[in-house]
Amino acid sequence: MIDPKLLRQSTAEVARNLARRGHAFDATAYLALEERRKSLQVDTEHLQSERNSRSKAIGQAKAKGEDVAPLLAAVADLGDRLASRQADLQALQSRLRDIELNLPNLLSDDVPDGRDATANVEVRRWGEPPAFAFEPRDHIALGESLGLLDFDAASKISGARFTVLHGALARLQRALISFMLDTHTDEHGYQEAYVPYLVHDLALEGTGQLPKFAADLFRTDSGTPFYLIPTAEVPLTNLARDVIFEADQLPLRYTAHTPCFRSEAGSYGQDTRGMIRQHQFEKVELVQVVAADASAAALEELTSHAEKILQRLELPYRVVALCAGDIGFGAAKTYDLEVWLPGQERYREISSCSNCTDFQARRMQARRRNPQSGKPELIHTLNGSGVAAGRALIAVLENYQQADGDVRIPAVLQPYMGGAKTLQG
RNA sequence: GGAGAGGUGGCAGAGCGGUUCAAUGCACCGGUCUUGAAAACCGGCAAGGGUUUAUAGCCCUUCGAGGGUUCGAAUCCCUCCCUCUCCGCCA
């Protein structure tokens, strides 16, 4: 959520920032509502104050044994007047909040202009796409010919956009996850967490998936509905909900492996083949909770932590700064990591690292105590995949394939694979 | 799933319709005293929102959540949530 004070005081500026994303914000309509809210709220609180003081006087008069009938008469219509004002105010406030909850975060000044992914800016590359002496195959052909990847079985059980992994390939995914978690906890200072995969709507509102993106989520139809997490960012970031941290408790760094569930509504026809875009996939997530003035540096650092995984796996990748039109709802600035996929002969997203500034913190009242003023102030939250395990699995298959159809196992994963050097072992 | 108990400020804990615009204690912060510390004493000590140049004042809201009764609700009524104990079931 954007600071409502900023929204009403610097409306034009905010609108200009949002316009960079292609988001049209009707500043005039908003300000009109806001003006009514102001007078209505001042009015309502006035009446509340009057009711309080009159009720108090009645109490005091009663204690002295005086006749309170005239006092009661004087206050007779106050309740009704107050109730109607309060109802109007509440309706207006919920309209304003609805608008505010549907506004994306303000973009950081250094986000490049552009309407879509084609305008994203490559920041750097690492590694060289491997040169094959044969025609490289994609992960589908590789996995199926090895007998380790089974889309038919998955569709029998659950339909499209699911995968069954067998044997060494299932283990390879587990190896990737363990390797990532170990690296982040042992070397990057993250604390591993195990978190719920089913969450309340409040948690999703806190990170920004709700109310706007309900269609992307799976919801249970149990009594009080749960949502399946679309990313571990949701439970991890919500660890800071309603907390006032002491300055020395920050930064907080959490990592977790979880499955992620996405309805992929609206992506029909995209990546329907293979395991690029699934309803269920595994991911290792990184989340940081930091003081406001530390978030810009933290984004660079968090991104480097995700990069480190690809470097250790010796997978060629590039870092891309997302442009204004391609950046996510809650992010002020985002770097995507794109890994080279020989089967597609292109770089594909494998990690997305974002600085959400105070956007999520405001929604979930995540604060720290300012050591100078002693006052609570909003913290900043960051998240990034470190990295998506399913896509890392694809990248390993395609980049490590050999002429005979076998797949070598990256050196850092071999200890997790019982020492095996190839997928066939 | 069954039965019971309970949810009050950082913690403990009182209050059960107006004298509590939440007592008291602990913790914490400042001060006095002291060579220093402790003790003792004095003072301070929630969050959100509104108004405002203001993190100054003033006002509103918040005693698990939501609704209701009332001039007035932490206190009465209804619904829900959560925690704990015992029983049952279960990885």
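All values below come from the heavy atoms of this structure, side chains included, with hydrogens, waters and symmetry mates left out. Numbers restart at 1 for each chain; the letters A, B, ... are given by sequence-line order, proteins then strands.
Using C1' as the reference atom, B/rA73 and B/rU62 are 13 Å apart when rounded to the nearest Å. Remark: the separation of the P atoms in B/rA23 and B/rC84 is 29 Å, to the nearest Å. Comparing the P positions of B/rC26 and B/rU19 gives an interatomic distance of 26 Å, to the nearest angstrom. Comparing B/rC80 with B/rC71, their C1' atoms sit 29 Å apart, to the nearest whole Å. When the C1' atom is compared between B/rG44 and B/rA27, the two are found 14 Å apart, to the nearest whole Å. Nucleotides B/rG7 and B/rC63 have their C1' atoms positioned 10 Å apart, rounded to a whole Å. B/rC78 and B/rU69 have their P atoms separated by 15 Å, with the value rounded to a whole Å. Nucleotides B/rG43 and B/rA47 are separated by 23 Å at their C1' atoms, to the nearest Å.
Exactly one of A/L252, A/L299, A/L382, A/I379 qualifies for a side-chain contact (heavy atoms from CB on, under 4.5 Å) with A/V290. That residue is A/L382. Checking each of A/R241, A/R97, A/R362 against A/E205 for a salt bridge (charged side-chain N to carboxylate O under 4.0 Å, His left out) leaves exactly one that passes, namely A/R97. Each of A/E338, A/R348, A/E307 was checked for a side-chain hydrogen bond (donor to acceptor under 3.5 Å, both in side chains) with A/Y317, and the lone residue meeting it is A/E307.
In this structure, A/E35 atom CD and B/rG50 atom P are separated by 16 Å, rounded to whole Å. If you measure from atom CZ of A/R81 to atom C1' of B/rC71, you get 13 Å, rounded to the nearest angstrom. Taking atom CG of residue A/L92 and atom P of nucleotide B/rG49, one finds them 18 Å apart after rounding to whole Å. Atom NE2 of A/H200 and atom C1' of B/rC81 are 9 Å apart (whole Å). B/rG18 atom C1' lies 14 Å from atom CD of A/E66, rounded to whole Å. The distance between atom CZ of A/F226 and atom C1' of B/rC82, rounded to the nearest whole Å, is 12 Å. Here the C1' atom of nucleotide B/rG64 and the CG atom of A/L202 are 14 Å apart, to the nearest Å. For the pair A/L89 CG and B/rG49 C1', the computed distance is 11 Å after rounding to whole Å.
Note on A/R367: a side-chain N or O is less than 4.0 Å away from OP1 or OP2 of B/rG48. Between A/R369 and the phosphate of B/rA47, there is a side-chain N or O to OP1/OP2 separation shorter than 4.0 Å.
The base of B/rG18 is paired with the side chain of A/K62 by a donor and an acceptor separated by under 3.5 Å.
At a threshold of 4.5 Å between non-hydrogen side-chain atoms, the residues A/T237 and A/M364 count as touching.
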Discussion item. Base contacts versus sugar-phosphate-only contacts with protein, heavy atoms under 4.0 Å: please encode nucleotides 51-63 of chain B as B, S and - from 5' to 3'.
Written reply: SB--S---BSS--

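Taking CZ of A/R8 as the reference point, atom CD1 of A/I2 lies at 13.0 Å (rounded to 0.5 Å). Annotation: the span from A/R36 atom CZ to A/L96 atom CG amounts to 9.0 Å, rounded to 0.5 Å.
Using a 4.0 Å cut-off between a side-chain N of Lys or Arg and a carboxylate O of Asp or Glu, A/E187 and A/R312 qualify as a salt bridge. Look at A/R277 and A/E264 and you find a salt bridge, because one of the NZ, NE, NH1 or NH2 atoms lies within 4.0 Å of a carboxylate O, short of that distance.
A side-chain donor-acceptor contact under 3.5 Å links A/E300 and A/Y335.
For A/F329 and A/F359, the ring centers sit closer than 6.0 Å to each other. Ring centroids of A/F226 and A/H200 are separated by less than 6.0 Å, placing the two rings close together.
Mapped onto RNA chain B by nearest heavy atom, A/L72 and A/I244 fall at different nucleotides, with A/I244 at the one closer to the 5' end. Sequence order on RNA chain B of the closest nucleotides to A/Q93 and A/Q60 puts A/Q60 first from the 5' end.
Note on A/Q365: only backbone sugar-phosphate atoms sit closer than 4.0 angstrom, heavy atoms only; bases stay farther off.
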Practice prompt. For RNA chain B, produce a single dot-bracket line, 5' to 3'. Pairs: Watson-Crick or G-U wobble, both distances under 3.5 Å. Symbols: ( ) within strand, [ ] crossing, | other strand, . unpaired.
Written response: ((((((((.[[[..)..(.....]]].(((((.......))))).((((((.....)))))).[[[[[..)....]]]]])))))))....

